[in-house]
2 protein chains.
Amino acid sequence: MQKDLFLKLIDMDRLIFGISELCKMAGVTPRQLRYWEQKGYIKARASEGNKAREYDANAMIKAVLIKHFLDEGYTLNVAVQKIQRYMANMKIIRSIIREHFVGIEEIDGELAVNLGYFDEAKRQILYVIVKDGRSSFKLVDASIGNN
Amino acid sequence: MQKDLFLKLIDMDRLIFGISELCKMAGVTPRQLRYWEQKGYIKARASEGNKAREYDANAMIKAVLIKHFLDEGYTLNVAVQKIQRYMANMKIIRSIIREHFVGIEEIDGELAVNLGYFDEAKRQILYVIVKDGRSSFKLVDASIGNN
DNA sequence: GGAATTTGTCAAGTAAGCTTACAATCATGT
DNA sequence: ACATGATTGTAAGCTTACTTGACAAATTCC
């Protein structure tokens, strides 16, 4: 599979959500999302004129995290403070997925997910090998790997 | 971060999309999605009565793939045939993410994403270490790792 | 207790979704 | 070329959802 197509399928930063769907995923009400937006906690794209709001993965993650800390008893203000560190981490997670999920190949008839170089100097590529529904890691010499 | 909260943020199978958002992501029209649903190619949840359709990650991936092959000149029927193998692979990819993204930790002050055992017998845990925006892999002895 | 936060609710208007139907386009086969 | 089926566009009529604004009800904070 070409990498650009593959990326299109796993890149969370390409996701778009409506307010209704985001509410269901995060377990909040539309009123809450709009208020949080008004306070500057969550951004919604394309709310120009009267068009419907569009949220991205970042907003979705924010909403889920804020709701999580609200449920733990924190006030909205404190919840927003607490999610800052998590947001930075989640952004890194997404970049890791973009960076390391290089593609899908087949090695010895088994599905192999190419995660890129484990050790670039030694030219070793790290694969996730899927066998009977279970997955395990495997190092493959770059000169052997078939792409 | 607790694993259940972490999973909530990266598990693609929790995603919900409206028809409008799915159209933008896949580059198709609502008419196309409804027709593909009528033909049994794509499933939409909660279309009972007159309520709005809800799509999941599987449907989103299907739509993107079908559109991709349509753009390559294939007919709808052929495009649907061609995506079968990709769909199976994508389902595996999602399960790998669910299975292997165990959590986020800190090792020596650096962000470390725990990917689970690289070699369970040797009790070696595979980490993605993030440093200065770049990420690399690292094996850590399980007895050392701080969780 | 009083003020500020946060959320619910209602109203009125706009936009979008739904189904059905018909038309237009494209592909396939004779 | 012609006929047939597949695929998509478009329109109508209706229902639902979204938006803003305002007021009220909780809730929290000082």
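Here the P atom of nucleotide dT6(C) and the CD atom of Gln32(A) are 11 Å apart, to the nearest Å. In this entry the distance linking CZ of Arg53(B) with P of dA17(D) reads 14 Å, nearest Å. Atom CD1 of Ile19(B) is separated from atom C1' of dC18(C) by 9 Å (rounded to the nearest Å). Per the geometry, CG belonging to Asn77(B) stands 9 Å off P belonging to dA6(D), to the nearest Å. We find that CD of Gln38(A) is positioned 12 Å from C1' of dT7(C), with the value rounded to whole Å. Residue Leu33(A) contributes atom CG, which lies 13 Å from atom C1' of dC18(D) at whole-angstrom precision. In this structure, the CZ atom of Arg34(B) is 12 Å from the C1' atom of dT8(D), given to the nearest Å. Look at CD on Glu37(B): it is 8 Å from P on dC18(C), rounded to the nearest Å.
Within a 6.0 Å sphere centred on CD of Gln81(A), other residues, nucleotides and ligands contribute more than 12 heavy atoms. The neighbour count for Glu120(A) CD, taken as heavy atoms of other residues, nucleotides or ligands under 6.0 Å away, does not exceed 12.
Taking side-chain N and O atoms only, Thr75(B) has no distance below 4.0 Å to OP1 or OP2 of dT7(D). Under 4.0 angstrom from either OP1 or OP2 of dT7(D) there lies no side-chain N or O belonging to Trp36(B). OP1 or OP2 of dT7(D) sits under 4.0 Å from a side-chain N or O of Tyr35(B).
Heavy-atom nearest nucleotides on DNA chain D were determined for Val78(A) and for Tyr55(A), and the one closer to the 5' end corresponds to Tyr55(A). The nearest heavy atom of DNA chain D to Lys39(B) and to Ser20(A) marks one nucleotide each, and the one closer to the 5' end goes with Lys39(B).
One finds a salt bridge joining Arg94(A) and Asp13(A) here, because a Lys/Arg side-chain nitrogen approaches an Asp/Glu carboxylate oxygen to under 4.0 Å.
The aromatic ring centres of Phe69(B) and Tyr86(B) sit less than 6.0 Å apart.
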